[in-house]
Amino acid sequence: MATRVTDYALLIGHVWRCTACRDNLLEHPETMWIGYKLSEHQRDAIRELTVEHFQTATALAKATGLDVDDLYEGIDHPGAAAPSRQRQERSILRGAIRSDPSRAVPQLRWMRQSHGVLCAPLCRNSP
């Protein structure tokens with residue numbers, strides 16, 4: 001039976017593979033983790049990440065608190081390459097509408113405009 005890969009491992013696995021999303025995660029972590037089930041400890045670890053942590057998988061695993069095997073499961077998981085973009089967009093809209101409805105459309109527009117067609121839907125780079 002296959003083990004379930006955590007949302008955290010999927011997110012970190014994807015940004016290992018996709019430099020555009022990595023840059024966005026490092027610059028705007030609060031936007032990039034929308035729709036993922038992350039603990040406060042995991043969010044703090046993401047906020048502390050730097051480009052240097054992505055030099056090796058071991059360094060990234062240590063910085064994120066993931067076991068190296070869990071990181072590789074996240075990197076190799078099909079969900080790290082193509083999870084649901086619509087799920088993320090719905091989460092952005094729900095969160096923005098709850099906090100400030102006037103931010104929902106601009107935030108979604110920013111998400112779509114700031115990404116070209118570079119990789120899988122996780123990074124929202126698809127049209």
Non-hydrogen side-chain atoms of Ile12 and Leu49 separated by less than 4.5 Å: yes
Main-chain N/O of Ala9 paired to Thr6 side chain as donor or acceptor, under 3.5 Å: yes
Shortest non-hydrogen contact between Pro29 and Ile46, atoms and distance: CB-CG2, 3.9 Å
Under 3.5 Å donor-acceptor, His53 side chain and Thr50 backbone: yes
Where Tyr72 and Ala57 come nearest, the two heavy atoms and their spacing: OH-CB, 3.3 Å
Worked check of side chain to side chain contact (heavy atoms under 4.5 Å, CB included) between Val51 and Leu26: CA-CA 8 Å; Val51 174; Leu26 295 174; 3.7 Å; yes
Evaluation steps, side chain to side chain contact (heavy atoms under 4.5 Å, CB included), between Leu38 and Leu11: CA-CA 10 Å; Leu38 303 175; Leu11 177 61; 4.2 Å; yes
Distance in Å, Asp76 CG paired with Trp16 CH2, rounded so as to fall on 0.5 Å steps: 11.5 Å
Distance in Å, His28 NE2 paired with Asp23 CG, rounded so as to fall on 0.5 Å steps: 10.0 Å
Residue pair Arg22 / Val15: nearest heavy atoms and the distance that separates them: NE-O, 3.0 Å
Minimum side-chain heavy-atom gap Arg47-Glu30 below 4.5 Å: yes
Rounded distance [0.5 Å steps], CD in Gln42 versus CH2 in Trp33: 10.5 Å
Side chain proximity check, Leu60 to Leu66, heavy atoms < 4.5 angstrom: no
Flag if over 12 foreign heavy atoms under 6.0 Å of CZ, Phe54: yes
Lys/Arg N to Asp/Glu carboxylate O, Arg43 vs Glu48, below 4.0 Å: no
Contact check, side chains of Thr58 and Lys62, non-hydrogen atoms, under 4.5 Å: no
Minimum heavy-atom distance between Ile75 and Arg17, given as atom pair plus value: O-NH1, 3.0 Å
Least distance between heavy atoms, Ala45 atom then Ala63 atom: CB-O, 3.9 Å
